[in-house]
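What follows is a short report on a single structure.
In this chain, residues are counted from 1 in sequence order. Bear in mind that the values here come from a model prediction, so they are computed numbers and not experimental data.
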Amino acid sequence: MAAQLIFNIPNVKVRKPRVFRGGINLTNLTEREMRERYRFGRETSDFLVDLLGNDLQRGTMKKTALTVEEQLSIALRFYASGSFLQVIGDTLGYDKSTVSRAVDNVTNAILARKKDFISFPTSKADVDEVKLGFYEQANFPHVVGCTDCIHVRIQRPVEDEAAFVDRKNFSSINVQAVCNHEGKFTQITADWPGSVHDSHIFKTSSICKHLEENHKGLIRMKPEKVCRIIGAYAVLHNIAVLRKEPLDETPCINPPPVPANAYNGPQGGNTVRDYIARSFF
């Protein structure tokens, strides 16, 4: 009887051949189409390319390496739409991992410049400017910022699951923001139950509305990454305000000014509170 040879060949996963696709062409888009897809017009997009170019430039001569414009376009499309990374990749013609890296790289590059665009007024001149701005808009004295807050739902992580559950049994990121009279963020914090407070602070409220609408109240990413993306949102919002980009928001209708004399009394909390109560309520 002839001998039979038996080979125990392990199951080897065959790697799929790499397919290079993509290639974003913005030249044929109108200003309206640019803002519908990326929330910024062409001039502001060029401004962001110049601003972030050094950080996003790839140190390789490979033809498949993403340009600064491509990385920025991928990230802005993600920020503006709130779609899944896979959906962004399928739409623009890139692999999901490529989209994820582009979003990470652009987010980090934006946050590296947060101090240039997000800062709370500290000098007397800056504080007085903000106070005057609020007073001219609403006739409300001594205001240096307006606050807003939202709990952004996230997909509950597998590891240390209980640490991300808030008092309502939701897995969420707590976002608190302060803006000035121009609508620019002057402070924003993002953290989650169980984290060390201010561990993801971006010294700085439409950002809350954007998160609710675009991400449907649920972001399927790790909390650390969500916090960084929220910080990038705030920086981009301030850039939009500075460059007078049209914001996709419901305009604020200011009430008629309430006649009131300028307050010149003691600056104690009780006396200021009593003055406001007598004048505005």
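Going from atom NZ of Lys114 over to atom CG of Asn238 covers 13.5 Å, rounded to the nearest 0.5 Å. A distance of 9.0 Å separates OH in Tyr135 from NE2 in His142, rounded to the nearest 0.5 Å. For the atom pair CD1 (Ile110) and CG (Leu72), the distance works out to 7.0 Å, reported to the nearest 0.5 Å. In this structure, OG1 on Thr98 lies 13.5 Å from CD1 on Ile88, to the nearest 0.5 angstrom. To the nearest 0.5 Å, atom NZ of residue Lys124 and atom NZ of residue Lys131 are 7.5 Å apart. Rounded to the nearest 0.5 angstrom, Thr189 OG1 and Ile230 CD1 are separated by 9.5 Å.
Of all non-hydrogen atoms in Gly231 and Leu111, the two that sit nearest each other are C-CD2, 3.6 Å. Residues Pro121 and Val127 share a closest heavy-atom pair of O-CG2, 3.8 Å. For the pair Val49 and Glu69, the tightest heavy-atom approach, listed with the atom from each and the gap, is CG1-OE2, 3.7 Å. In terms of heavy-atom proximity, Arg37 sits nearest to Ala80 at O-CB, 3.6 Å. Scanning both residues, Ala65 and Glu70, for their nearest heavy atoms gives O-OE1, 4.2 Å. Pairing each heavy atom of Ala109 with each of Leu56, the nearest pair is CB-CD2, 4.1 Å.
Leu236 places a side-chain heavy atom less than 4.5 Å from the side chain of Leu48. The shortest distance between side-chain heavy atoms of Ser73 and Leu26 falls below 4.5 Å. Val241 places none of its side-chain heavy atoms less than 4.5 Å from the side chain of Phe185. Proximity of Phe78 to Val99: side-chain heavy atoms (C-beta onward) are nowhere separated by under 4.5 Å. For the pair Val143/His181, no side-chain contact is recorded, criterion being any heavy-atom separation below 4.5 Å from C-beta on.
In this structure, Gln86 places its CD atom where more than 12 heavy-atom neighbours from other residues, nucleotides or ligands lie under 6.0 Å away.
Checking side-chain atoms of Gln71 against main-chain N and O of Asn105 turns up no donor-acceptor pair under 3.5 Å. Judged by distance alone, with hydrogens and angles left aside, the side-chain atoms of Thr91 form a donor-acceptor pair with the main-chain N or O of Val87 at under 3.5 Å. Side chain of Asn180 to backbone of Gly183: a donor-acceptor contact under 3.5 angstrom is found.
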Subject >> Candidate pair Arg35 and Phe40, rule side-chain contact (heavy atoms from CB on, under 4.5 Å), full reasoning >> reply: CA-CA 5 Å; Arg35 292 191 172 95; Phe40 290 108; 5.8 Å; no

Original post:
Between Leu66 and Ile74, is a side-chain contact (heavy atoms from CB on, under 4.5 Å) present by the stated rule, with each step listed?
Top reply: CA-CA 10 Å; Leu66 296 183; Ile74 291 171; 4.0 Å; yes

**OP:** Show your working on side-chain contact (heavy atoms from CB on, under 4.5 Å) between Tyr233 and Val175 and close with a plain yes or no.
**Re:** CA-CA 12 Å; Tyr233 281 166; Val175 184; over 6 Å; no

Original post:
Are Arg42 and Leu29 close enough, and set up right, to give a side-chain contact (heavy atoms from CB on, under 4.5 Å), and what steps lead you there?
Top reply: CA-CA 9 Å; Arg42 198 173 306 280; Leu29 296 181; 4.2 Å; yes

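Residues meeting the salt bridge (charged side-chain N to carboxylate O under 4.0 Å, His left out) test with Lys225, sequence neighbours left out: Asp104. Contacts of Lys184 classified as side chain to side chain donor-acceptor pair (under 3.5 Å), with partners at least two apart in sequence or in another chain: Glu182. Checked against side chain to side chain contact (heavy atoms under 4.5 Å, CB included), Ser123 has the following partners two or more places apart in sequence or in another chain: Ala125, Asp126.
Under 3.5 Å, the side chains of Arg228 and Thr107 contain no donor-acceptor pair of N or O atoms.
Both cation-pi conditions hold for Arg243 and Phe47: the charged atom is under 6.0 angstrom from the six-membered ring centre and inside a 45 degree cone around its axis.
In the hydrophobic cluster analysis, where Ile, Leu, Val, Met, Phe, Trp and Tyr join through side-chain heavy atoms closer than 4.5 angstrom, Leu242 is grouped together with Tyr38.
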